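Worth saying up front: this structure is predicted, and the values here are computed from it rather than measured.
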Amino acid sequence: QAPESVEIHGLQIVLQPVQESGPENAFGRIEHGTLMLQALQKFRAAAHTAVGPHSDDAGKPWLNQSAALEMDREAALFEQVLADSSVGSRDATVAPMGESVRLMQQLGERVPRLQSLVRDLHRRFEGGDHTEALEFLSGTVEPFLDAELLQFVYAYLHQAEEELGDELDRVLARTGETTRIALGTSVFAVLIAGVLGLMVWRSIHAPIRRLHDAAIALGQGRLETRVDVTSRDELGVLARAFNSMA
């Protein structure tokens, strides 16, 4: 049985990575999926703004540079979040789940195509053909976003949500079991405390009752009355004093 990792001269070599699991990791995947979804949608909006109907005083169309920069930033953000999602945990012995890895690989295979489309979009508009750039955005870039990227991002989110639901179900099941154990332990402790309290009460009540009855008998003139308490505690001292008095 090989170990999960070995260390050679300070270098940790992972042999058997542990797959990510647990609510925290599922939340992380949902966060990554949401960030990728937002980046792609903002990329789409910025692209439309960049190639929108802008023109100077002479009627010549011009590129909205700020929107173009925003478009490039969102595309880069998508690639960065995708890379972070593919790596998974910072722990070298932890690897992403199998289905998540497959979806991330499929998205990663499409990143070069996205980069190429962004470059083509820049060239078409900067070449002065606004209509061609808009048609390229609507006819090529957006279908690629919808069919080649967003569907995998939605699948990634759905997978993470299912994992989170399963993990929360397991947490609730463990919580319910813990609650039952705690309740059973509490009931048992209450019973033990009740039994101990009853034993203590009887150990105190019986000698006091005998002292009470003996005092009444002695007051009625039965001077031969004695209390049979042989304990060495305070009640025993009291009983011996009573017998001496009698």
Side-chain angles (χ1 to χ4, degrees), residues 1-7 10 12-35 84-85 87-101 156-246:
Q1 182 67 34
E4 293 183 355
S5 64
V6 295
E7 185 175 335
Q12 186 181 32
I13 302 176
V14 180
L15 303 180
Q16 296 181 349
V18 180
Q19 288 187 337
E20 287 184 319
S21 61
E24 181 180 354
N25 293 318
F27 273 122
R29 284 190 282 275
I30 291 175
E31 180 184 6
H32 285 158
T34 302
L35 289 175
D84 294 340
S85 302
V87 171
S89 173
R90 295 181 180 179
D91 188 350
T93 62
V94 180
M97 299 291 287
E99 181 64 17
S100 300
V101 171
Y156 182 78
L157 274 171
H158 180 68
Q159 174 73 18
E161 289 168 356
E162 285 188 344
E163 292 174 8
L164 178 61
D166 293 340
E167 290 292 342
L168 291 179
D169 288 340
R170 285 192 284 270
V171 170
L172 289 175
R174 289 195 295 268
T175 302
E177 182 179 357
T178 303
T179 302
R180 289 191 295 271
I181 293 175
L183 182 60
T185 304
S186 299
V187 172
F188 180 74
V190 169
L191 291 176
I192 293 297
V195 171
L196 291 176
L198 179 61
M199 293 174 62
V200 171
W201 178 80
R202 292 186 62 181
S203 66
I204 297 175
H205 177 264
I208 291 178
R209 184 66 184 178
R210 288 198 294 270
L211 280 168
H212 174 266
D213 294 341
I216 292 176
L218 189 64
Q220 292 174 350
R222 297 198 295 271
L223 302 181
E224 74 282 0
T225 303
R226 298 292 184 273
V227 180
D228 184 16
V229 176
T230 59
S231 62
R232 296 184 178 182
D233 56 10
E234 289 80 359
L235 290 175
V237 173
L238 181 61
R240 286 191 292 274
F242 179 87
N243 292 334
S244 298
M245 179 190 67

Closest contact, heavy atoms only, A239 versus L211: CA-CD2, 3.9 Å

More than 12 heavy atoms of other groups within 6.0 Å of M199 CE: no

Would you give me the side-chain donor-acceptor pairs under 3.5 Å for residues 175-196, sequence neighbours excluded?
residue	atom	partner	partner atom	Å
T175	OG1	V171	O	2.7
T178	OG1	R174	O	2.8
T179	OG1	T175	O	2.8
T185	OG1	I181	O	2.8
S186	OG	A182	O	2.8

Residues that H205 engages under ring-ring contact (aromatic ring centres under 6.0 Å, His included), provided they are two or more places apart: W201

Side-chain donor/acceptor of N243 to backbone N/O of R226, under 3.5 Å: no

Flag if over 12 foreign heavy atoms under 6.0 Å of CD, E234: no

F27 side, atom CZ; E161 side, atom CD - distance, nearest 0.5 Å: 10.5 Å

Interatomic distance, R209 atom CZ to I204 atom CD1 [nearest 0.5 angstrom]: 16.0 Å

R170 with D166: basic N within carboxylate O range, under 4.0 Å: no

Distance, nearest 0.5 Å, that separates CG of L235 from CZ of F242: 13.5 Å

Greater than 12 external heavy atoms within 6.0 Å of D169's CG: yes

Nearest-0.5 Å distance, CD of residue Q220 to CD1 of residue I216: 7.0 Å

